[in-house]
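Naming convention: chains lettered A, B, ... in sequence-line order (proteins, then strands); numbering from 1 in each chain. The figures here come from the full heavy-atom set of this structure, side chains too, leaving out hydrogens, waters and symmetry mates. Just so you know, these numbers come straight off a predicted model, no measurement behind them.
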There are 2 protein chains.
Amino acid sequence: MKDNPKKQIITQVAQNIFSRHGLLKTTVYEIAKAARMGKASLYHYFQSKEDIFKEVVEKENRFLKEKIREAIINEDTPQKKMKIYILKKMEYLRELANIHSALKDDYLEHYAFIEKIREKNSKEELFTIRETLQDGEDKGIFEINDIELTAFAIASALKGLEYPWSINISFPEIESNVDKLLEILFNGIVKR
Amino acid sequence: MKDNPKKQIITQVAQNIFSRHGLLKTTVYEIAKAARMGKASLYHYFQSKEDIFKEVVEKENRFLKEKIREAIINEDTPQKKMKIYILKKMEYLRELANIHSALKDDYLEHYAFIEKIREKNSKEELFTIRETLQDGEDKGIFEINDIELTAFAIASALKGLEYPWSINISFPEIESNVDKLLEILFNGIVKR
DNA sequence: ACTCGAACACAAAACTATTATGGTCGAATT
DNA sequence: AATTCGACCATAATAGTTTTGTGTTCGAGT
């Protein structure tokens, strides 16, 4: 997808409608109407409904990455970089309805293309964590053996931050939970 | 439930049938037949199908707790106790089909009584982790500020161990992942 | 106290008909 | 040539109806 204006309009209107109704409830007809064209014309620009949704998710992912890059750019320590990465990702995932849906909605998990999106996202996450660990090690801040396994363990732990605790269990504010978990991951609980 | 032999027979046969067919697919009629009684007679001993399942889950939970107690009894350090606790729990949850189902199956999550079972289990988990942290602190091994929040953060991290990663992502053996995560939680990644 | 056949209310499943939806095709328009 | 779209297709989804299954109750019997 280059700079085709029609394609961008379709993507934009689709982004809005998908984010309100979700992938399944949004019809191709609705998107076409909102883009002021006939339904059949859409297929000149996109191969399928799935293609449109993929494009929308990729657009949101680019936005998310840019926002994270901006936030991290002036941080100097790997600890701060990791914290900002996690918090910004959580924050923007809440706003970006389509990528959130693609990554989190249970009813979408049997679609092969959704599985691919989730896989790509997980790989990017693991990569980012691994890079940050490497950076910290290079700077003599972190001391790590088996960096791959460490990246994986940390990624797993961070997934646990989204665990759906029962409503009757009083759980802390997400940010203090992130802070505390990162503090533990960085410094450990064994006396120094 | 005291020592009523009929009730114990019902519970035992129900445990078997529930673990094969699951809560929803198991009929009261089947349980009655297996216990060699009429369907209506069951209601003399249990108030409902739900009551039978609860009894079965409680039975399995008692068994699980006893197995963990036995495994931990000779361990001396809080680190070892925590590791054994996590691994044993994972191991027995895999074997004890009914409590596993009660805690994990998505299709059961809208039942109020299942939510209660999950809540109770989470509270027990948090309690166990908190106790172990306290033990470690009392022994001068751990240094913790805000023990409640720390217990919560660690519990969250451990929930992440069960995250369903995509099949195309090569993830490590569960035990090495547990080991690595615990190592990080205990010692941190910042150079000592 | 314990047992169970019969019945109940309604949930679940099966079946049938109708409508909606993603996608295609070819002709028309720009 | 690029773009548009009406009409149509195959089938998925939905709606409506009927049938069967299931948890539970009740009252009579042992």
Side-chain angles (χ1 to χ4, degrees), chain A residues 1-18 20-57 98 101-102 105-114 117, chain B residues 1-18 20-57 98 101-102 105-114 117:
Chain A
M1 137 110 165
K2 284 290 143 268
D3 40 11
N4 186 320
K6 264 296 165 65
K7 221 174 171 178
Q8 291 189 14
I9 290 168
I10 296 167
T11 303
Q12 183 60 46
V13 302
Q15 188 178 5
N16 289 334
I17 303 176
F18 280 137
R20 263 183 285 128
H21 301 150
L23 170 62
L24 299 190
K25 291 293 181 178
T26 297
T27 64
V28 175
Y29 179 78
E30 281 181 273
I31 296 171
K33 277 292 140 279
R36 309 219 179 199
M37 57 177 49
K39 187 176 65 155
S41 303
L42 263 193
Y43 290 87
H44 180 77
Y45 299 90
F46 288 93
Q47 197 176 34
S48 62
K49 186 182 178 184
E50 174 183 314
D51 250 15
I52 303 174
F53 190 69
K54 276 197 273 191
E55 188 56 47
V56 166
V57 170
N98 293 306
S101 177
D105 286 348
D106 291 339
Y107 62 87
L108 294 183
E109 79 190 12
H110 63 279
Y111 289 88
F113 85 100
I114 294 289
I117 290 169
Chain B
M1 141 114 161
K2 282 292 146 271
D3 40 10
N4 186 320
K6 263 291 164 68
K7 221 174 170 179
Q8 291 188 12
I9 290 169
I10 295 165
T11 303
Q12 182 61 47
V13 301
Q15 187 177 5
N16 290 333
I17 303 176
F18 280 138
R20 264 184 285 125
H21 301 152
L23 171 61
L24 300 190
K25 290 294 182 178
T26 296
T27 63
V28 175
Y29 179 79
E30 281 181 273
I31 296 170
K33 276 293 140 279
R36 307 208 181 214
M37 59 177 47
K39 187 172 65 157
S41 304
L42 264 194
Y43 289 88
H44 181 77
Y45 298 91
F46 288 93
Q47 198 177 32
S48 62
K49 186 180 177 186
E50 176 183 311
D51 249 17
I52 303 174
F53 190 68
K54 275 198 277 194
E55 189 56 43
V56 166
V57 170
N98 294 305
S101 178
D105 286 346
D106 290 339
Y107 63 87
L108 294 183
E109 79 190 12
H110 62 279
Y111 290 88
F113 85 101
I114 294 289
I117 291 170

Quiz item: Atom CD1 of A:Ile52 to atom C1' of C:dG23: distance rounded to whole Å?
Solution: 11 Å
Quiz item: Roughly, in whole Å, what's the span from CD in A:Glu50 to P in C:dG23?
Solution: 8 Å
Quiz item: Looking at NE2 of B:His44 and NZ of B:Lys7, how far apart are the two atoms once the value is rounded to the nearest 0.5 Å?
Solution: 10.0 Å
Quiz item: Between which nucleotides of DNA chain D, read 5' to 3', does contact with chain A run, using atoms under 4.0 Å from its heavy atoms?
Solution: D:dT3 to D:dT14
Do you know the tightest heavy-atom contact between [X] and [Y]?
{"X": "A:Ala34", "Y": "A:Val13", "value": "O-CG1, 3.8 Å"}
{"X": "A:Ala35", "Y": "A:Ile10", "value": "CB-CG1, 4.2 Å"}
{"X": "B:Tyr107", "Y": "B:Ser101", "value": "OH-OG, 4.3 Å"}

Practice problem: Check whether any side-chain heavy atom of A:Asp105 lies under 4.5 Å from a side-chain heavy atom of A:Ile114, and answer yes or no. | Solution: no
For residues 20-29 of chain A, please give each side-chain donor-acceptor pair under 3.5 Å, one per line with the distance, not counting sequence neighbours.
residue, atom, partner, partner atom, Å
A:His21, ND1, A:Glu30, OE2, 3.4
A:Thr26, OG1, A:Gly22, O, 2.7
A:Thr27, OG1, A:Glu30, N, 3.1
A:Thr27, OG1, A:Glu30, OE1, 3.3

Exercise. Just do the side-chain contact (heavy atoms from CB on, under 4.5 Å) check on B:Gln12 and B:Asn16 with the steps written out, would you?
Key: CA-CA 7 Å; B:Gln12 182 61 47; B:Asn16 290 333; 3.9 Å; yes
Practice problem: Could you tell me whether a side-chain N or O of B:Ser41 sits under 3.5 Å from a main-chain N or O of B:Met37, the two making a donor and an acceptor? | Solution: no
Self-check item: Backbone N/O of A:Phe53 and side chain of A:Asn98: donor-acceptor pair under 3.5 Å
Solution: no
Quiz item: Which letter, B, S or -, goes with each nucleotide of nucleotides 1-7 of chain C from 5' to 3', with contact meaning a protein heavy atom under 4.0 Å?
Solution: -SSBB--
Exercise. Measure the angle between the two terminal helix axes of the helix from C:dA1-D:dT30 to C:dT30-D:dA1, five base pairs each, and quote it to 10°.
Key: 30°
Quiz item: What residues in residues 22-31 of chain B put a non-hydrogen atom under 4.0 Å from any atom of DNA chain D?
Solution: B:Thr26, B:Thr27, B:Val28
Exercise. Please assess A:Ile52 against A:Thr11 for the test side-chain contact (heavy atoms from CB on, under 4.5 Å), listing each intermediate value before the final yes or no.
Key: CA-CA 7 Å; A:Ile52 303 174; A:Thr11 303; 5.8 Å; no
Practice problem: Please list, chain by chain and in numerical order, all residues satisfying salt bridge (charged side-chain N to carboxylate O under 4.0 Å, His left out) with A:Glu50, sequence neighbours excluded. | Solution: A:Lys54
